[in-house]
Amino acid sequence: GMRAVDAFLCEYADGDGPFFFGESFSLAEEACAPFALRLMRVLPALRPQHDPASMLEALGLARLATWLDAVVQRPSVTSTAPPASDMVAASKLLLERMKGAAK
């Protein structure tokens, strides 16, 4: 998972900037932004013991950490994403519905 993505970024991404094409935000980041936001905002809120930033640091996945940080802080991403609190609330609701459906 995360090790493979970090290795891919190290091997194939332009090293002159945080994004896949260096300083240029591309379709690669645009397509992954919703997943990156959920990973970096929702997961730590729901499962604090699984903080992605801490995991990335502990595993030495610096390139992936840099890429994720750049994606989730990009103004075009932050201005079009729902607030983190809304994302967390929606995820909690979804989990409750899934628990109810499993019964």
Side-chain angles (χ1 to χ4, degrees):
M2 291 192 302
R3 286 186 178 105
V5 175
D6 186 77
F8 180 85
L9 288 168
C10 287
E11 186 168 346
Y12 297 108
D14 184 335
D16 291 335
F19 301 114
F20 190 76
F21 290 111
E23 293 295 329
S24 299
F25 187 79
S26 71
L27 187 57
E29 286 82 21
E30 184 179 331
C32 294
F35 303 101
L37 284 167
R38 281 164 181 76
L39 175 69
M40 301 304 284
R41 292 182 179 171
V42 175
L43 180 61
L46 296 180
R47 301 287 186 266
Q49 71 274 24
H50 297 301
D51 176 49
S54 298
M55 290 189 304
L56 292 166
E57 184 178 345
L59 294 171
L61 305 178
R63 183 63 177 99
L64 178 56
T66 298
W67 182 80
L68 283 166
D69 192 47
V71 170
V72 300
Q73 290 188 32
R74 167 104 174 154
S76 63
V77 172
T78 60
S79 67
T80 58
S85 59
D86 289 356
M87 293 172 66
V88 171
S91 295
K92 286 180 179 178
L93 182 59
L94 176 63
L95 290 171
E96 290 302 318
R97 286 182 185 162
M98 292 171 69
K99 286 178 188 176
K103 292 181 182 180

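No experiment lies behind these values; they were computed from the predicted model shown.
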Looking at [X] and [Y], what are the two nearest heavy atoms and their distance?
{"X": "Met40", "Y": "Pro52", "result": "SD-CB, 3.6 Å"}
{"X": "Gly22", "Y": "Asp14", "result": "N-CB, 3.3 Å"}
{"X": "Ala62", "Y": "Asp6", "result": "N-OD1, 3.8 Å"}
{"X": "Arg63", "Y": "Gly17", "result": "NH2-O, 3.5 Å"}
{"X": "Pro82", "Y": "Arg41", "result": "O-NH1, 4.0 Å"}

Taking a hydrophobic cluster as the set of Ile, Leu, Val, Met, Phe, Trp and Tyr residues connected by side-chain heavy atoms closer than 4.5 Å, whether directly or through intermediates, do [X] and [Y] fall within one such cluster?
{"X": "Val77", "Y": "Phe35", "value": "no"}
{"X": "Phe25", "Y": "Tyr12", "value": "yes"}
{"X": "Leu46", "Y": "Leu39", "value": "yes"}

Query raised in the report: Taking Arg97 for the side chain and Lys92 for the main chain, is one N or O donor matched with an acceptor at less than 3.5 Å?
Result: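 Pair absent, no side-chain N/O of Arg97 close to backbone of Lys92.
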Query raised in the report: Judged by atom type as modelled, is there a donor-acceptor pair below 3.5 Å linking the side chain of Ser24 to the main-chain atoms of Ser26?
Result: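 A pair under 3.5 Å: no.
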[X] side, atom [atom1]; [Y] side, atom [atom2] - distance, nearest 0.5 Å:
{"X": "Leu37", "Y": "Leu68", "atom1": "CG", "atom2": "CG", "answer": "10.0 Å"}
{"X": "Met2", "Y": "Leu56", "atom1": "CE", "atom2": "CG", "answer": "5.0 Å"}
{"X": "Ser76", "Y": "Glu29", "atom1": "OG", "atom2": "CD", "answer": "10.0 Å"}
{"X": "Leu61", "Y": "Met55", "atom1": "CG", "atom2": "CE", "answer": "9.5 Å"}

Report task. List the steps and the verdict of side chain to side chain donor-acceptor pair (under 3.5 Å) for Glu57 and Ser54. Result -> CA-CA 5 Å; Glu57 184 178 345; Ser54 298; 5.9 Å; no
**Report entry** Stepwise side chain to side chain contact (heavy atoms under 4.5 Å, CB included) check, Leu43 with Arg38
**Finding:** CA-CA 7 Å; Leu43 180 61; Arg38 281 164 181 76; over 6 Å; no
Query raised in the report: Taking the inter-plane angle between the rings of Phe20 and Phe8 on a 0 to 90° scale, is it parallel (under 30°), tilted (30 to 60°) or perpendicular (over 60°)?
Result: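 Plane angle under 30°, so parallel.
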